J.: 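Sharing a structure, written as structure tokens. Questions coming.
Predicted model, so just to flag it, every value in this text is computed and none were measured. Residue numbers start at 1 and run along the sequence shown.
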Amino acid sequence: MATGYTRIARINLSNGSIIVEDTPEWLVKAFIGGKGFVYGILGKELEPGIDALSPGNKIVIAAGALAGLAPASAKTIVGAKSPLSNVIHDTSVGEWFSYMLRGAGFDALIIEGEAKDPTYLWVHDGKVELRRGNELWGLSTRDTVRRVRASTIPAASVMAIGPGGENMARIANIIVDGERAGGRGGLGAVFGSKKLKAVAAYGTPNIGIANKDEFIKYSLDVYKKFQSATETMETREFGTTNSLMYSGSLGVSPAFNYSKPLLEEEEAKKISGVTFKEREINFPGKPIKIIGALCPIKCSRWIPIPGADDVVKPEYENIGLLGAATGVFDPAIVLKAQRLANDLGIDSIGAGNAIAWSMELYEKGLLSKEETGLDLRFGNGEALLTLIHDIAYREGFGKVLAEGSEKAAKMLGKGLEYAVHFKGLALPAWYPNGPLRGLVISYLTADVGGSHLRGWPKMHDPETPLKDTVESMIEDRDHKAAMDSLGLCIFNPYTWSDMAKLYTWATGRETREEDLRRVSERIEAIARIYHVLEGYVNEWEQIPWKMLNDPNGPKYTLHEVKDALRQYYRLRKWDEELGIPTKKLLIELGIEWMEPLRSRAEKIALEKRKN
């Protein structure tokens, strides 16, 4: 076994059994850790077709392979079948949890079944305890963290859901230590379906390092380099909060439900980093535990909420979707909205997308006040706050929006053409337009659907053929997948060489750049097979109506999209016509155990292509 790996705990909530076993060699060799572990485990164990909110779904919580060791290595990856997309979904969350999980003696947790009553897990000293969580049910995410720490250890890291997850809102998220969001895919609803309120972990890592001297020396050099790197300058200054100025100027913002992607600078500035910077607070005012564990960049910015004795850590995606997408440019309202979403355990992207969709329908006369109970014109900040609350508690019109924009449109039987999503996952705050027009191929082929963290093409002229943007997108996707498997924050400019050297020195296992790329190729193959088995065969059919018809949008043609997808399949060495991995490729990747599912997917794809 490679140095540093320990054990995996399998917890069955239905019968209370806990099985601890050594982390298997096949998993380490093929998938490394983090995101790789999620796809390796769920690819083998999760049967396509199950209900994501049933006891048959499984949750994997995995630390990255370098978590607790390298600079910016604090990422934990949580995965399960998504109740939005019905495909395997993984979400990345920062701060101390991965560090504490490894300190407690575990590389990953596999959570199965469904508890009869609210439950939380306490992971420490090489063991996992199932504890009653009745007194936690109904609490906000921050209050849950406080209560769990009071019952365990004050320094524990706590992953929790809020009322949104308890009520199985499909856009519910998970929150670590009250502030860091594992936001996408509705995984908070999966926790809620299992009556799993929280997972707490504590331990000081004593992780073995095969070549300690080389590892420490190189890590210190990397840390110092990232602290002053040109690539990190903007992030060090503003975090991600200034990105609306950037996206608005490029014509790729989500403003007014993606109808106004080109946003005036003065409008964008109202809720951007240049404005928030004036109000920023530092120590001792900001929460001491939320500092960006092991990170040289420290991008978190803490802003006091006007009119409230509270603070929040704004990020661009929250600003873009809860603010610009809904037409709300009042910074006080936007900050309150993010604080409320985090406390209630609701994905800011999913909520902002659904609310913005409903506002566009309202303004077009497709929704009435009688149906919604609210005046849903763009810019109504009070309606925004009300709907976030109602989504979490499934009250009023929030009960509809809790399903996410795609399912909400289908429930109402109208408005689907204005719902902007891929595979049911709300589009983030980057509209694939202008110099980022090629981003649509990333959204179409991404393992989870509409995510901005699954590979960006290089900036390009809007007239560039889509197929010419694919290769650079794949390069970025594979790089990000390797970082997610190692537990590294993608805002740190790690090179392939950096990652290969650190992993080699940490584990004692000689690792090349090509070996890391193979991890992403395995993940992509598993994801695509699963997609087809869940009904996502012709990927071009997923393009939102707006992107084909909106005069301010990219106006794709079916021919160019199909051409770009063939290029994607070709570069992945998949079957170019069916768009799925071949049996030969699975053998080359060492995941031939996926062949029975691949064979089923091939039959489905063949039948679909005939029709």
J.: Hey, does the side chain of Ser73 reach the backbone of Gly68 with a donor-acceptor pair shorter than 3.5 angstrom?
T.: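 A pair under 3.5 Å: yes.
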J.: Determine, step by step, whether His89 and Leu425 satisfy the side chain to side chain contact (heavy atoms under 4.5 Å, CB included) criterion, reporting the C-alpha distance in whole Å, the side-chain angles of both residues, the deciding distance to 0.1 Å, and the verdict.
T.: CA-CA 10 Å; His89 188 103; Leu425 190 70; 3.9 Å; yes
J.: Using side-chain contact (heavy atoms from CB on, under 4.5 Å) as the criterion, list what pairs up with Glu112, not counting sequence neighbours.
T.: Arg10, Asn12, Glu45, Lys58, Ile110
J.: Looking only at heavy atoms, which two atoms of Ala525 and Leu586 are closest? And how far apart?
T.: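 So the minimum-distance heavy-atom pair works out to CB-CD2, 4.2 Å.
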J.: Quick one: does Met547's side chain get under 4.5 Å of Tyr258's, heavy atoms only?
T.: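 SC-SC contact between Met547 and Tyr258 ruled out.
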J.: Please tabulate, one pair per line, all N/O donor-acceptor pairs under 3.5 Å involving side-chain atoms of residues 183-190, not counting sequence neighbours.
T.:
| from | atom 1 | to | atom 2 | distance (Å) |
| --- | --- | --- | --- | --- |
| Arg184 | NE | Asp347 | OD2 | 3.1 |
| Arg184 | NH1 | Gly450 | O | 3.4 |
| Arg184 | NH2 | Ala426 | O | 2.7 |

J.: Are the side chains of Ser405 and Val420 in touch, meaning some heavy atoms are under 4.5 Å apart?
T.: no
J.: Assess whether atom NZ of Lys195 is packed by more than 12 heavy atoms of other residues, nucleotides or ligands within 6.0 Å.
T.: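 Above 12, so yes.
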J.: Please check if the side chain of His479 supplies one atom and the backbone of Tyr494 the other of a donor-acceptor pair under 3.5 Å.
T.: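 A pair under 3.5 Å: yes.
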J.: For Ser442 and Gly455, indicate whether the former's side chain and the latter's backbone hold a donor-acceptor pair under 3.5 Å.
T.: yes
J.: Whether the side chain of Ser520 engages the backbone of Arg517 through a donor-acceptor N/O pair (distance < 3.5 Å, no angle test) should be reported.
T.: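 No: the side chain of Ser520 does not pair with the backbone of Arg517.
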J.: Could you label the plane-to-plane angle of the Phe422 and Tyr443 rings as parallel, tilted or perpendicular, counting under 30° as parallel and over 60° as perpendicular?
T.: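 Correct class here is tilted.
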J.: Under a 3.5 Å cutoff, is there a donor and acceptor pairing between the side chains of Tyr530 and Asp447?
T.: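 No pair is found: no donor N or O on one side chain lies under 3.5 Å from an acceptor on the other.
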J.: For residues 383-390, run the donor-acceptor check on the side chains, cut-off 3.5 Å, and write out each pair with its distance to 0.1 Å, sequence neighbours left out.
T.:
| from | atom 1 | to | atom 2 | distance (Å) |
| --- | --- | --- | --- | --- |
| Thr386 | OG1 | Glu382 | O | 3.0 |

J.: Walk me through whether Phe191 and Leu196 qualify under side chain to side chain contact (heavy atoms under 4.5 Å, CB included).
T.: CA-CA 5 Å; Phe191 273 58; Leu196 180 63; 3.8 Å; yes
J.: So Asp343 and Arg339, salt bridge (Lys or Arg N to Asp or Glu O under 4.0 Å) or not? Walk me through it.
T.: CA-CA 6 Å; Asp343 287 347; Arg339 180 73 274 162; 3.1 Å; yes
J.: Could you pull out the closest heavy-atom pair between Val60 and Leu42, with the gap in Å?
T.: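 Residues Val60 and Leu42, closest heavy atoms: CG2-CD2, 3.8 Å.
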J.: Do you know which two heavy atoms are closest between Thr76 and Met159, and how far apart they sit?
T.: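 Heavy-atom minimum between the residues: CG2-CE, 4.3 Å.
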J.: Just by distance, do the side chain of Ser92 and the backbone of Asp90 share a donor-acceptor pair under 3.5 Å?
T.: no
J.: Please verify the inter-ring angle class for Phe31 with Trp593; under 30° counts as parallel, over 60° as perpendicular, anything in between as tilted.
T.: tilted
J.: For Glu534 and Lys81, run salt bridge (Lys or Arg N to Asp or Glu O under 4.0 Å): C-alpha distance rounded to whole Å, both residues' side-chain angles, the deciding distance at 0.1 Å, then the answer.
T.: CA-CA 11 Å; Glu534 292 292 347; Lys81 184 174 184 177; 2.8 Å; yes
J.: Can any side-chain N or O of Arg102 pair as donor or acceptor with the backbone N or O of Ala63 at less than 3.5 Å?
T.: no
J.: Testing the 3.5 Å rule here: is there a donor-acceptor pair between the side chains of Ser247 and Tyr316?
T.: yes
J.: Apply side chain to side chain contact (heavy atoms under 4.5 Å, CB included) to the pair Tyr393 and Asn167, showing each step before the final yes or no.
T.: CA-CA 6 Å; Tyr393 288 96; Asn167 293 309; 4.0 Å; yes
J.: How many angstroms lie between SG in Cys295 and CD in Glu95, if you round to the nearest 0.5 Å?
T.: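 Going from SG on Cys295 over to CD on Glu95, the span is 9.5 Å.
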J.: Please determine, by modelled atom types, if Arg572 and Thr445 share a side-chain donor-acceptor pair under 3.5 angstrom.
T.: no
J.: Closest heavy-atom contact between Lys414 and Leu361?
T.: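 In this case the closest contact between Lys414 and Leu361 is O-CD2, 4.2 Å.
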J.: Report yes if some heavy atom in the side chain of Ile61 is under 4.5 Å from a heavy atom in the side chain of Phe97; otherwise report no.
T.: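 They are in side-chain contact.
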J.: Run the side chain to side chain contact (heavy atoms under 4.5 Å, CB included) check on Tyr39 and Ile88 step by step: do they pass?
T.: CA-CA 8 Å; Tyr39 280 84; Ile88 296 172; 3.6 Å; yes
J.: Please confirm whether the backbone N or O of Leu444 pairs with a side-chain atom of Lys423, one donor and one acceptor, at under 3.5 Å?
T.: yes
J.: I'd like to check Asp51 versus Asn57 (side-chain heavy atoms, cut-off strictly below 4.5 Å). Are they in contact?
T.: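 When only atoms from C-beta onward are counted, Asn57 and Asp51 do not touch, as no gap falls below 4.5 Å.
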J.: At what distance, to the nearest 0.5 angstrom, does OG of Ser485 lie from CZ of Phe37?
T.: 9.0 Å
J.: For residues Ile349 and His452, determine if any side-chain heavy atom of one lies less than 4.5 Å from a side-chain heavy atom of the other.
T.: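 In short, these two side chains touch, coming nearer than 4.5 Å.
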J.: Taking all non-hydrogen atoms of both residues into account, name the closest pair between Asn433 and Pro261 and its distance.
T.: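 Scanning both residues, the minimum pair turns out to be ND2-CG, 3.8 Å.
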J.: Who passes salt bridge (Lys or Arg N to Asp or Glu O under 4.0 Å) against Asp484, sequence neighbours left out?
T.: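 Testing Asp484 for salt bridge (Lys or Arg N to Asp or Glu O under 4.0 Å), a comparison that skips the adjacent residues, returns none.
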J.: Please list, chain by chain and in numerical order, all residues satisfying ring pair (Phe, Tyr, Trp, His ring centres under 6.0 Å) with Phe106, sequence neighbours excluded.
T.: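 Ring pair (Phe, Tyr, Trp, His ring centres under 6.0 Å) check on Phe106 returns nothing, list empty.
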J.: What I'd like to find out is whether the side chain of Ile8 reaches to under 4.5 Å of the side chain of Pro24, using heavy atoms alone.
T.: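 Yes; the side chains approach each other to less than 4.5 Å.
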J.: How would you list, by chain and number, every residue that makes a salt bridge (Lys or Arg N to Asp or Glu O under 4.0 Å) with Arg600, sequence neighbours excluded?
T.: Glu47
J.: Measuring from Asp550:CG to Tyr418:OH, what's the distance to the nearest 0.5 Å?
T.: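 Rounded to the nearest 0.5 Å, the CG-OH separation comes to 9.0 Å.
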J.: Is Glu524 paired with Arg528 through a side-chain N to carboxylate O contact shorter than 4.0 Å?
T.: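 Salt bridge flag = no for Glu524 with Arg528.
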J.: Do Lys546 side-chain atoms and Asn257 backbone N/O form a donor-acceptor pair below 3.5 Å?
T.: yes
J.: Strictly distance-based, threshold 3.5 Å: is any side-chain N or O of Thr241 a donor or acceptor partner for the main-chain N or O of Pro314?
T.: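 Checking the backbone N and O of Pro314 against the side chain of Thr241, no donor-acceptor pair under 3.5 Å is found.
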J.: Is Glu521 salt-bridged to Arg477, going by a charged N under 4.0 Å from an acidic O?
T.: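 No, no charged N to carboxylate O under 4.0 Å.
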J.: Would Glu166 and Lys197 count as a salt bridge (Lys or Arg N to Asp or Glu O under 4.0 Å) if you check the C-alpha gap in whole Å, the side-chain angles of each, and the deciding distance to 0.1 Å?
T.: CA-CA 8 Å; Glu166 295 171 3; Lys197 178 65 174 177; 2.6 Å; yes
J.: Over all heavy atoms of both residues, which pair between Lys194 and Pro55 is shortest? Give the atoms and the distance, please.
T.: NZ-O, 3.4 Å
